[in-house]
**Q** 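Just dropping this structure here.
Values in this document were obtained by computation on a predicted structure and should not be read as measured data.
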Amino acid sequence: MADVLTKDQRRKNMQHIKGKDTKIEVILRKALWEKGYRYRKNDKRLPGQPDIVLTKYKIAIFCDGEFFHGKDWEVLKPRLEKGARSEFWISKITRNRERDDQTNKQLLFLGWTVIRFWGNEIMKHPEECVKVIEETIFDQKLADQEAAEGQ
C-alpha cells in the first residue's frame, strides 16, 4: 500500500520543491561545463527564464520534471482523475503545459532555439542530452555558413 501523507507532511514536501538549481539542472550544467560550454542560468531577460541559456548560439534549454510538466499527459491525466485533488492537479499541470507552449513560441519568435529535456533523460543519459545540444549548435553553424555563402 502506498504511503499516505498527512496534509502537513504533503505541504512540507511541496514547499521543498525548488524552481532553480534543481538536481537535473546541475547535472546538465556540469556536463556542459566539462565540454567547455559556457552558459547563463535562469536568464530573466528571456521569456520563461530558461534554466540554461547558451547566448552565443541563442539556445534556451529547459529541464522539465515529468509530473509538473505533464509528460505522457494522455496517461497521466486519467490517473490524476482517480486521485485526490484531481481538479487542482489537472488544472495546474494543464496551465504549466500551456505556459511551456507559449514560452516556446515567444522564444522562437525572438530567434531562439528551444530545447526541452525531461528530468529522467538528464538523470539517466546526460551525455545524450549534451549530444543533442551539440548537434543543434552544429546545425546552426552549418545554416549560418550556408547563409553566408548564399549572399
**Q** Check whether any side-chain heavy atom of Leu80 lies under 4.5 Å from a side-chain heavy atom of Phe88, and answer yes or no.
**A** no
**Q** Flag the pair Ile59 / Gln140 as yes when at least one side-chain heavy-atom distance between them is below 4.5 Å, and no otherwise.
**A** yes
**Q** Sequence neighbours left out, what pairs pass ring-ring contact (aromatic ring centres under 6.0 Å, His included) with at least one residue falling in residues 110-130?
**A** none
**Q** Under the salt bridge (charged side-chain N to carboxylate O under 4.0 Å, His left out) test, which residues partner Lys41, sequence neighbours left out?
**A** Asp21
**Q** Check for a donor-acceptor pair, side chain of Glu121 on one end and backbone N or O of Pro126 on the other, with a separation under 3.5 Å.
**A** no
**Q** Between Arg29 and Glu25, does at least one N-O distance fall below 4.0 Å, as a salt bridge requires?
**A** yes
**Q** Check whether Trp33 and Val130 end up in the same hydrophobic cluster, where Ile, Leu, Val, Met, Phe, Trp and Tyr are linked by side-chain heavy atoms less than 4.5 Å apart.
**A** yes
**Q** Might you confirm whether atom CZ of Phe138 has over 12 heavy atoms from other residues, nucleotides or ligands at distances under 6.0 Å?
**A** no
**Q** Distance from Asp100 atom CG to Ile93 atom CD1, nearest 0.5 Å?
**A** 11.5 Å
**Q** Count I, L, V, M, F, W, Y as connected when their side-chain heavy atoms are under 4.5 Å apart, and connections chain through other members. Are Ile115 and Ile24 then in the same cluster?
**A** yes
**Q** To the closest 0.5 Å, what do you measure between CE (Met123) and NZ (Lys23)?
**A** 4.0 Å
**Q** Quick check on side chain to side chain contact (heavy atoms under 4.5 Å, CB included): which of Val114, Val53, Leu54, Thr136 does Ile61 satisfy it with?
**A** Leu54
**Q** Of Ile137, Ile52, Ile133, which meets side chain to side chain contact (heavy atoms under 4.5 Å, CB included) against Tyr37?
**A** Ile137
**Q** Assess whether atom CZ of Arg97 is packed by more than 12 heavy atoms of other residues, nucleotides or ligands within 6.0 Å.
**A** yes
**Q** Measure the CG-CG distance between Asn42 and Asp51 for me, rounded to the nearest 0.5 Å.
**A** 6.0 Å
**Q** Following the transitive rule for hydrophobic clusters with a side-chain heavy-atom cut-off under 4.5 Å over Ile, Leu, Val, Met, Phe, Trp and Tyr, establish whether Tyr57 and Leu108 coincide in one cluster.
**A** no
**Q** Are more than 12 heavy atoms, taken from residues, nucleotides or ligands other than Glu87, located less than 6.0 Å from that residue's CD atom?
**A** no
**Q** Main chain of Asp64, side chain of Lys71: is a donor-acceptor contact present, judged purely on distance under 3.5 Å?
**A** no
**Q** Rounded to the nearest 0.5 Å, what's the gap from CZ on Phe68 to CG on Asn96? Could you check?
**A** 8.0 Å
**Q** Do Cys63 and Ile27 have side chains that get closer than 4.5 Å, going by heavy atoms?
**A** no
**Q** Return the OG1 to CH2 distance between Thr94 and Trp73, rounded to the nearest 0.5 Å.
**A** 4.5 Å
**Q** Going from CG on Leu28 to OG1 on Thr22, what distance comes out if it is rounded to the nearest 0.5 angstrom?
**A** 9.5 Å
**Q** Identify which one of Gln49, Arg116, Glu98 satisfies the side chain to side chain contact (heavy atoms under 4.5 Å, CB included) criterion when paired with Thr103.
**A** Arg116
**Q** For Lys131 and Glu135, what are the C-alpha separation, side-chain angles and deciding distance, and is it a side-chain contact (heavy atoms from CB on, under 4.5 Å)?
**A** CA-CA 6 Å; Lys131 207 175 283 184; Glu135 288 170 3; 3.9 Å; yes
**Q** Is it true that atom NZ of Lys58 has more than 12 heavy atoms of other residues, nucleotides or ligands lying nearer than 6.0 Å?
**A** yes
**Q** Taking the side chain as every heavy atom from C-beta outward, state whether Arg45 and Arg40 have any pair of such atoms under 4.5 Å apart.
**A** yes
**Q** Using only atom types and a distance under 3.5 Å, with no angle test, would you say the side chain of Ser86 pairs donor to acceptor with the backbone of Lys82?
**A** no
